[in-house]
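Below is one structure, written out as structure tokens; comments come after it.
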Number of protein chains: 2
Amino acid sequence: MFTLAEENYLKAIFHLENDCGTGVTTNAIADKMDTRASSVTDMIQKLADKKVISYQKYKGASLTKKGKSIAVNIIRKHRLWEVFLVEKLDFQWDEVHEIAEQLEHIKSNELIQKLDSFLGHPDFDPHGDPIPDTNGYIKPTEKKLLSKLKKNQQGICVGVKESSAKFLQYLDTRKIGIGSSIKVIDKEDFDQSMTIQVSNKQFFITKQISENLYLKTI
Amino acid sequence: MFTLAEENYLKAIFHLENDCGTGVTTNAIADKMDTRASSVTDMIQKLADKKVISYQKYKGASLTKKGKSIAVNIIRKHRLWEVFLVEKLDFQWDEVHEIAEQLEHIKSNELIQKLDSFLGHPDFDPHGDPIPDTNGYIKPTEKKLLSKLKKNQQGICVGVKESSAKFLQYLDTRKIGIGSSIKVIDKEDFDQSMTIQVSNKQFFITKQISENLYLKTI
DNA sequence: TTTAAAATTTAGACAAGACTAAAAAATAAA
DNA sequence: TTTATTTTTTAGTCTTGTCTAAATTTTAAA
Ligand SMILES: [Mn+2]
Ligand SMILES: [Mn+2]
Ligand SMILES: [Mn+2]
Ligand SMILES: [Mn+2]
């Protein structure tokens, strides 16, 4: 069995490894977990002892098969709970992450299996992130950052990269959500800012926004 | 904010104080929490510092108003989650307690308020225990232990005193549940064993059973 | 009212997880 | 290829919550 702290480290390492492809550094983990490098070293040594990561001194860490499976299961729980909170309890998409951070550590396979059924086996969470299946399989989805699109290209918003409450609330004020149709009206070469159209309204966004919105191009 | 361990102590003290009326002893807590008396002493000193219990050395502990309110809130959460598990996720009444022990520590007032609405503001949990309202008020219910009934008296089962999985499963095999109509057919003076009738079937139960079933007499 | 037993508290230790400060290793700069 | 900088690890400390063993207090028995 794994402690809450261990589970959080595994999840963080999974996300870092997923984003950057490679094995992850001590500092990267410390940064993500908002803790000190020395604490990370302690923990990754413990996780290596438990065979959930492979690790050599000074060389960073990467999840073993077992570690990945634990991490993915936590992510599955996190996302299912987020669906529950939004679909059943009428939370907004910017309100659920913190609560799901707690709920993801509840230990009961039966619970998750039943929750999944109750929700109708959803494929995506409220932020457009895919929900791993029971075997930990994550269906690969083709999605592109809005920032990669050129003038006149368009697509449907299928997810957000950052999912902080502040960013999600910003999107709400612009009426952008999962499913929104977005078209690039103009793109400034100098700073990558854009004018976009969302359901017949046009407005201006910075690179910081376009780099955090995933579209499925059409 | 209170830690998981602190919350569990407060809950245990509440239940002990509720059952026995009086302030509770170190040993009683140790027994209930399945821990050592010395650990309990440490914790009740900390809880006394935090003003959630009143305590003098060697004299036992009892909850302050603040402590009681925290304990009741945890119990409210526990019971609401149990309702959720049974009503929405189709768990059996003997399967929910352990999971609720985890869920009761999730911190979010908004969550509990929304869960309560979602469940339709239930008054009782699956074991017949009353669910405290938002203000911590627990509606007093008149219920009597089956063991107190005399021959030929009858009532409706409204709760269980013990709620271990084993006991609940025993009740299942006898088709006894919340709402069952139970009549005392015969009562043995010597050992308090009974013959009871539950929906036209008669059978024999020991004192251990009758002391753990609450009835509303009719 | 002494003495014995039981209950409770203290003292000291340990594991988990964090931190700071210092040492060691790896990288980058000169 | 030395030197300087950054990254990572180690050493030592702290807090929370637990434990055992010993001391103290309370309660029960003689
Ligand atoms: Mn989330
Ligand atoms: Mn999400
Ligand atoms: Mn319960
Ligand atoms: Mn219950």
Side-chain angles (χ1 to χ4, degrees), chain A residues 1-14 16-17 19-63 67 70-71 74 101-102 104-105 107, chain B residues 1-14 16-17 19-63 67 70-71 74 101-102 104-105 107:
Chain A
M1 207 54 72
F2 291 82
T3 66
L4 189 137
E6 289 169 339
E7 289 189 346
N8 282 333
Y9 273 94
L10 290 175
K11 189 171 50 124
I13 295 169
F14 177 87
L16 289 168
E17 216 171 349
D19 289 357
C20 308
T22 165
V24 298
T25 67
T26 302
N27 267 356
I29 299 171
D31 205 67
K32 179 141 216 166
M33 305 271 303
D34 198 30
T35 185
R36 297 302 175 147
S38 56
S39 308
V40 173
T41 300
D42 285 347
M43 183 55 95
I44 61 185
Q45 288 174 347
K46 202 199 315 179
L47 293 175
D49 288 347
K50 292 195 173 188
K51 315 280 188 203
V52 286
I53 65 175
S54 58
Y55 160 70
Q56 315 155 247
K57 270 191 192 176
Y58 297 100
K59 300 288 178 185
S62 101
L63 295 176
I70 293 165
I74 297 164
E101 287 287 304
Q102 299 178 62
E104 71 189 5
H105 300 289
K107 282 167 182 60
Chain B
M1 206 55 72
F2 290 82
T3 66
L4 190 138
E6 288 169 340
E7 289 190 347
N8 282 333
Y9 272 95
L10 290 174
K11 189 172 50 127
I13 295 168
F14 177 88
L16 289 168
E17 214 171 351
D19 289 357
C20 308
T22 165
V24 297
T25 67
T26 302
N27 267 355
I29 299 171
D31 205 66
K32 179 141 215 165
M33 305 272 303
D34 197 32
T35 186
R36 298 301 175 150
S38 57
S39 308
V40 173
T41 301
D42 285 347
M43 182 56 95
I44 61 185
Q45 287 174 347
K46 201 201 313 183
L47 293 175
D49 288 347
K50 292 196 173 187
K51 315 281 190 202
V52 286
I53 64 175
S54 58
Y55 159 70
Q56 315 155 248
K57 269 191 195 178
Y58 296 101
K59 300 289 179 184
S62 100
L63 294 177
I70 293 166
I74 296 164
E101 286 287 305
Q102 299 179 63
E104 72 189 5
H105 300 288
K107 283 169 182 60

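Naming: A, B, ... by sequence-line order, numbering from 1 per chain. Computation of the quantities below employed the complete heavy-atom set of this structure, encompassing side-chain atoms and omitting hydrogens, waters and symmetry-equivalent molecules.
Proximity of residues 47-58 of chain A to DNA chain D (heavy atom under 4.0 angstrom from any strand atom) is restricted to A/Tyr55, A/Lys57, A/Tyr58. Interface residues of residues 29-38 of chain B facing DNA chain D, ordered by number: B/Thr35, B/Arg36, B/Ser38; criterion, heavy-atom separation under 4.0 Å.
The side-chain heavy atoms of A/Phe2 and A/Val52, taken from C-beta on, include a pair separated by under 4.5 Å. Taking the side chain as every heavy atom from C-beta outward, B/Leu63 and B/Phe14 approach each other to under 4.5 Å.
B/Asn27 has a side-chain polar atom (N or O) that falls below the 4.0 Å cut-off from OP1 or OP2 of C/dT8. Taking side-chain N and O atoms only, B/Tyr9 has a distance below 4.0 Å to OP1 or OP2 of D/dT18. For the OP1/OP2 pair of D/dT8 and a distance below 4.0 Å, the side-chain nitrogens and oxygens of A/Thr41 include no atom meeting the criterion.
The salt bridge (charged side-chain N to carboxylate O under 4.0 Å, His left out) contacts involving residues 47-62 of chain A comprise A/Glu6-A/Lys50, where partners must be two or more places apart or lie in separate chains.
With rounding to whole Å, A/Asp42 atom CG is found 13 Å from C/dT20 atom P. Distance, A/Gln45 CD to D/dT9 C1': 7 Å, rounded to whole Å.
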Identify all pairs in which a protein N or O lies below 3.5 Å from an N or O of nucleotides 3-5 of chain D, and state each distance.
none

Could you list the donor-acceptor pairs under 3.5 angstrom formed between side-chain atoms of residues 24-37 of chain B and any protein atom two or more places apart in sequence or on another chain?
| unit_1 | atom_1 | unit_2 | atom_2 | d |
| --- | --- | --- | --- | --- |
| B/Thr25 | OG1 | B/Ala28 | N | 3.1 |

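Every salt bridge (charged side-chain N to carboxylate O under 4.0 Å, His left out) that B/Glu7 has, sequence neighbours left out, goes to B/Lys107. Taking A/Lys11 as the reference, A/Asn8, A/His15, A/Ile74, A/Ile75, A/Glu101, A/Glu104 meet the side chain to side chain contact (heavy atoms under 4.5 Å, CB included) condition, with sequence neighbours excluded.
Note that OG1 of B/Thr41 and OH of B/Tyr55 are 5.5 Å apart. Values are rounded to the nearest 0.5 Å. Interatomic distance, OG of A/Ser54 versus CG of A/Leu47, reported as 11.5 Å (0.5 Å rounding).
Taking the nucleotide of DNA chain C with the nearest heavy atom to each of A/Lys59 and A/Leu4, the more 5' of the two is matched to A/Leu4.
For B/Gly23 against B/Ser62, the heavy-atom pair with the smallest separation is CA-CB, 4.1 Å.
Contacts of A/Ser39 with the nucleic acid, taken as non-hydrogen atoms under 4.0 Å apart, include base atoms.
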